[in-house]
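Presented below is the structure to which this report refers.
Just so it is clear, the values below take in all heavy atoms, side chains as well, and ignore hydrogens, waters and symmetry mates. Atoms within a ligand are numbered from 1 in the order they appear, just like the ligands themselves.
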Amino acid sequence: MLSKHAPPAAPAPSIPADAGSNQRRMFVKSFGCQMNVYDSQRMADVAGREGYGETERVEDADLVILNTCHIRERASEKIYSELGKIREIKEARAAQGRATTLVVAGCVAQAEGGEIIRRQKAVDLVVGPLNYHRLPALLEAARAGGGVVDTDFPVEDKFDFLPDASPEAIRARGVSAYVTAQEGCDKFCSFCIVPYTRGSETSRPAARVLDEIRRLADMGAREFTIIGQNVNAYHGLDADGVAVGLAELLARAARLPGVLRLRYSTSHPLDMSDDLIRAHAENPALAPYLHLPIQSGSDRILDAMNRRHTARDYLEAIDRVRAARPDIALSSDFIVGFPGETEADFEATLDLVEEVGFASAFAFKYSARPGTPAAELRDQVPAAVKAERLARLQHKLEAQRQAFNAATVGRRFGVVFDKPGRHEGQLIGRSPYMQSVNAVVDSARIGDMTEVEITGVKPNSLTAKVVSPPGAGAS
Ligand code: SAM
Ligand code: SF4
C-alpha cells in the first residue's frame with residue numbers, strides 16, 4: 001500500500017500478494033493524515049476478504065483505491081491529476097481485456113461526491129470515510145457499471161462491521177501500528193473541513209480499541225499510535241458503561257502484553273486534561289512526545305479561527321506538560337496567512353515558536369475550503385505574502401528541529417527497530433522523540449526495545465550504535 005502523507009511517517013505497509021496468477025490485485029494509495037493511512041489498511045482488509053491481494057503497481061491492479069485528503073486545495077487537486085494517469089492505465093488494461101475498478105475514498109470523496117465522477121468518468125465508485133464497511137456491496141454495484149456514490153452519514157458505526165486484518169496483513173505492516181480511537185470533530189475551527197467530511201466527534205468503545213491493540217500485539221506490533229482527529233477528547237465507554245478518557249485508555253493499553261511504546265495524535269489544546277498530562281509522568285510506555293497544534297500565536301487570529309483558546313492558554317498547557325515530563329519533545333501545526341493576518345499577528349506566531357522551542361512542526365499556507373466560515377471572509381491574504389511568511393516560519397522551525405536533533409547526540413534511549421535501512425546491516429526505528437534512527441543492528445532485533453546511543457545527525461535522521469545486550473529494556 002502506498003502512502004503520501006505528512007510525518008509522523010507510517011510504516012510502508014504491504015500485504016504480500018498471493019503468488020497465484022489468477023488472484024485479483026488491489027492498489028491502495030493513501031493521501032493526507034494518519035487517519036487515512038489507518039483507513040486504507042482497513043479498506044485493504046475488506047478487499048482482502050473479497051480475495052484481493054496487494055500490488056504496488058497500479059498497472060497490475062484490478063482494484064485501485066485512492067484514499068484522498070481534502071484539508072487543503074492542493075491536496076484535493078492532486079487527486080484529479082492522479083486520476084487522469086490512472087484512467088490511461090485503465091484504458092490500456094481494458095484494451096488487453098482486463099477490467100479495473102477505480103475507487104475514490106476519503107475526504108475529497110465525502111466533500112465532492114458525484115462531482116468526481118462528472119469530472120473523471122473513469123471513476124467507478126466514490127465512497128466517504130464513514131462507509132468503508134459497505135465496500136463489498138458497493139464494489140459489486142460499481143463493477144456492474146454506471147458509477148456509484150455513497151457519502152451518507154450512516155446510522156451504524158463502520159467499526160462494528162469492518163473485518164479484522166488477517167495475521168499476514170498485520171505482520172506485513174510491521175511493528176508500528178495505528179489504531180483509531182476517535183473519529184470526527186465538533187470543534188468547528190473556522191478554516192477546517194474536517195467536521196464536514198468526517199462528521200461529528202465519536203469515540204470507539206474502550207474494549208474495542210484495546211482488543212484491536214491486543215490482537216495487533218499478538219501478531220508482533222510493538223509501537224502503537226492511538227489516533228483521532230481530536231484524540232485527546234476521547235471518551236469511549238468501557239464494559240461497565242463508564243466513559244474512559246485517553247489517559248485511562250493509554251494506561252490500559254500499556255498493560256497489554258507486547259506493547260512497548262505508545263503515542264497519540266492529534267490533540268487539541270483545550271482537551272489537555274490534568275490526567276492526560278499526568279500520564280506523561282506516570283505511564284512508562286507513553287513516549288515523551290506531544291503533537292499539539294496551535295495554528296497561530298496571535299489571540300486575534302486564534303479567535304477568528306474559533307480555536308477557543310489563547311496563546312497564553314497554550315503556553316500554560318506546555319508548561320504543565322513540561323513539568324510532568326521535562327524531556328518531552330513538542331510538535332505543532334501552524335497556518336500562515338489566515339484571512340486578516342497582519343505582519344504583527346504573524347510576528348506573534350514567530351514569538352510563540354521562539355518561546356516554546358519545537359522539536360518538529362508543520363506549517364501550512366491557509367487554503368480556503370469551500371463551505372467553511374473562513375472561506376467567506378473578505379480580507380484574504382495575498383498569495384505572495386503567505387509564501388513569504390511560510391518561508392520565514394519554516395526557516396525558524398527547521399533551525400529548532402536541527403538544534404533538537406543535535407542535542408540528542410551522545411544520549412541513550414530505547415528504539416524499537418521496525419525495518420531494514422538503506423545500507424546493508426542497518427535497521428530503522430523511531431526514537432522516543434519521533435526522530436528516525438538508523439543503526440547497525442541484527443535484524444533478529446526487529447520489534448525489540450533496543451538501547452542505543454546517538455552518534456550523529458543527518459538532515460532527516462539520527463545515526464546510533466547499540467549499547468544494550470540483547471533483551472535489555474529501555475524507556
Ligand atoms: N485536530 C487538529 C487540531 O486541532 O489542530 C488538526 C487536524 S487537521 C486534519 C491537520 C492540520 O491541517 C491542522 O492542524 C491545520 O494546521 C491544517 N489545516 C487544516 N485546515 C487547513 C486549511 N484550510 N488551510 C491550511 N491548513 C489547514
Ligand atoms: Fe479541524 Fe482540528 Fe479544529 Fe477539529 S479541532 S475543526 S479537526 S483543526
Side-chain angles (χ1 to χ4, degrees), residues 5-8 30-39 67-77 106-108 110-111 129 180-203 225-234 246 264-272 290-297 301-309 311 313-314 317 330-341 349 352-353 358 360-377 380-381 383 386-387 389-390 393-394 397:
H5 65 286
S30 194
F31 297 81
C33 65
Q34 300 158 342
M35 300 285 294
N36 267 9
V37 175
Y38 175 85
D39 284 347
N67 193 10
T68 62
C69 173
H70 198 54
I71 201 83
R72 284 169 290 278
E73 190 181 0
R74 264 185 67 193
S76 42
E77 277 307 311
C107 292
V108 177
Q110 187 64 44
T180 292
Q182 179 276 324
E183 191 163 24
C185 184
D186 294 337
K187 295 273 193 299
F188 288 93
C189 299
S190 62
F191 54 80
C192 186
I193 197 75
V194 167
Y196 310 94
T197 55
R198 293 273 177 169
S200 60
E201 186 195 296
T202 54
S203 295
T225 306
I226 312 293
I227 55 175
Q229 264 91 25
N230 229 309
V231 75
N232 59 342
Y234 176 80
L246 182 62
Y264 60 93
S265 189
T266 294
S267 297
H268 191 286
L270 277 184
D271 295 312
M272 283 312 295
L290 174 63
H291 181 66
L292 192 64
I294 178 163
Q295 317 299 353
S296 170
I301 296 298
L302 287 171
D303 187 45
M305 287 177 164
N306 192 31
R307 292 288 291 181
R308 293 185 278 149
H309 61 79
D313 295 334
Y314 183 85
L330 295 165
S331 164
S332 196
D333 289 343
F334 296 90
I335 295 177
V336 300
F338 184 82
E341 185 189 69
T349 299
L352 181 129
V353 169
F358 290 98
S360 68
F362 305 100
F364 310 104
K365 286 187 265 189
Y366 169 71
S367 169
R369 307 314 291 129
T372 60
E376 307 298 320
L377 296 174
Q380 300 285 330
V381 173
K386 285 191 213 174
R389 288 182 188 162
L390 183 69
L393 178 56
Q394 284 180 331
L397 291 169

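- For the atom pair CZ (Arg72) and OG (Ser367), the distance works out to 7.5 Å, reported to the nearest 0.5 Å.
- The option from Arg308, Lys187, Arg307, Met305 that lies nearest to atom 2 (Fe) of ligand 2, judged by heavy atoms, is Arg307.
- Within ligand 2, the atoms closer than 4.0 Å to a non-hydrogen atom of His268 are 5 (S), numbered from 1 in the order shown.
- Proximity of Pro195 to ligand 2, defined as any heavy-atom pair under 4.0 Å, is confined to the side chain (atoms from C-beta onward).
- Of all atoms in ligand 2, listed by their number and element, those nearer than 4.0 Å to a heavy atom of Val194 are 7 (S).
- Residue Ile193 holds its CD1 atom at 12.5 Å from CZ of Arg198, rounded to the nearest 0.5 Å.
- What sits closest to atom 6 (C) of ligand 1 on the protein, heavy atoms only, is Thr266 CG2, 4.2 Å.
- Here CZ of Phe358 is found 9.5 Å from CG of Leu290. Values are rounded to the nearest 0.5 Å.
- Within the model, atoms CD of Gln182 and CD1 of Ile227 stand 10.0 Å from one another, a figure rounded to the nearest 0.5 Å.
- Residue contacts with ligand 2, taken as heavy atom pairs separated by less than 4.0 Å, involve Cys185 solely via side-chain atoms from C-beta onward.
- At least one heavy atom of Ile71 sits closer than 4.0 Å to an atom of ligand 1.
- Backbone and side-chain nitrogen or oxygen atoms of Phe364 are examined, and none is located within less than 3.5 angstrom of a nitrogen or oxygen of ligand 1.
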*Verdict with supporting geometry, Phe364 and Phe338, ring pair (Phe, Tyr, Trp, His ring centres under 6.0 Å)*: CA-CA 10 Å; Phe364 310 104; Phe338 184 82; over 10 Å; no
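- For atom 12 (O) of ligand 1, the closest heavy atom belonging to the protein is Arg72 NH1, 3.3 Å.
- When non-hydrogen atoms are compared, ligand 2 lies under 4.0 Å from the side chain of Asn230 (C-beta onward) but not from its backbone.
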*asked:* Does Leu292 form a side-chain contact (heavy atoms from CB on, under 4.5 Å) with Leu330? I'd like the steps, not just the answer.
replied: CA-CA 7 Å; Leu292 192 64; Leu330 295 165; 5.7 Å; no
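- Between Arg307 and Asp313, none of the side-chain N atoms (NZ, or NE/NH1/NH2) sits under 4.0 Å from a carboxylate O, so this pair counts as no salt bridge.
- In this structure, Met35 has no heavy atom closer than 4.0 Å to ligand 1.
- Proximity to His268 (heavy-atom distance under 4.0 Å) selects the following atoms of ligand 1: 4 (O).
- For atom 3 (C) of ligand 1, the closest non-hydrogen atom on the protein side is Arg307 NH1, 3.6 Å.
- Regarding atom 24 (N) of ligand 1, its nearest protein heavy-atom neighbour is Ser367 N, 3.0 Å.
- The N/O atoms of Gln229, backbone and side chain alike, include one that comes under 3.5 Å of an N/O atom in ligand 1.
- Among all protein heavy atoms, the one lying closest to atom 11 (C) of ligand 1 is Asp333 OD2, 3.4 Å.
- Scanning the protein heavy atoms around atom 6 (S) of ligand 2, the nearest turns out to be Cys189 N, 3.3 Å.
- One distance of note links CE of Met272 with OH of Tyr314; it measures 9.5 Å at 0.5 Å rounding.
- Ranking protein heavy atoms by distance to atom 5 (O) of ligand 1, first place goes to Gln295 NE2, 2.8 Å.
- Taking a 6.0 Å sphere around CZ of Arg308, one finds it holds more than 12 heavy atoms contributed by other residues, nucleotides or ligands.
- Shortest contact from atom 20 (N) of ligand 1 to any protein heavy atom: Phe191 CD1, 3.3 Å.
- Among the backbone and side-chain atoms of Cys192, none of the N, O or S atoms lies under 2.8 Å from atom 3 (Fe) of ligand 2.
- Heavy atoms of Phe191 found under 4.0 angstrom from ligand 2 belong exclusively to the side chain.
- Of the protein's heavy atoms, Lys365 O, 3.3 Å lies nearest to atom 25 (C) of ligand 1.
- To the nearest 0.5 angstrom, Cys189 atom SG is 8.0 Å from Asn230 atom CG.
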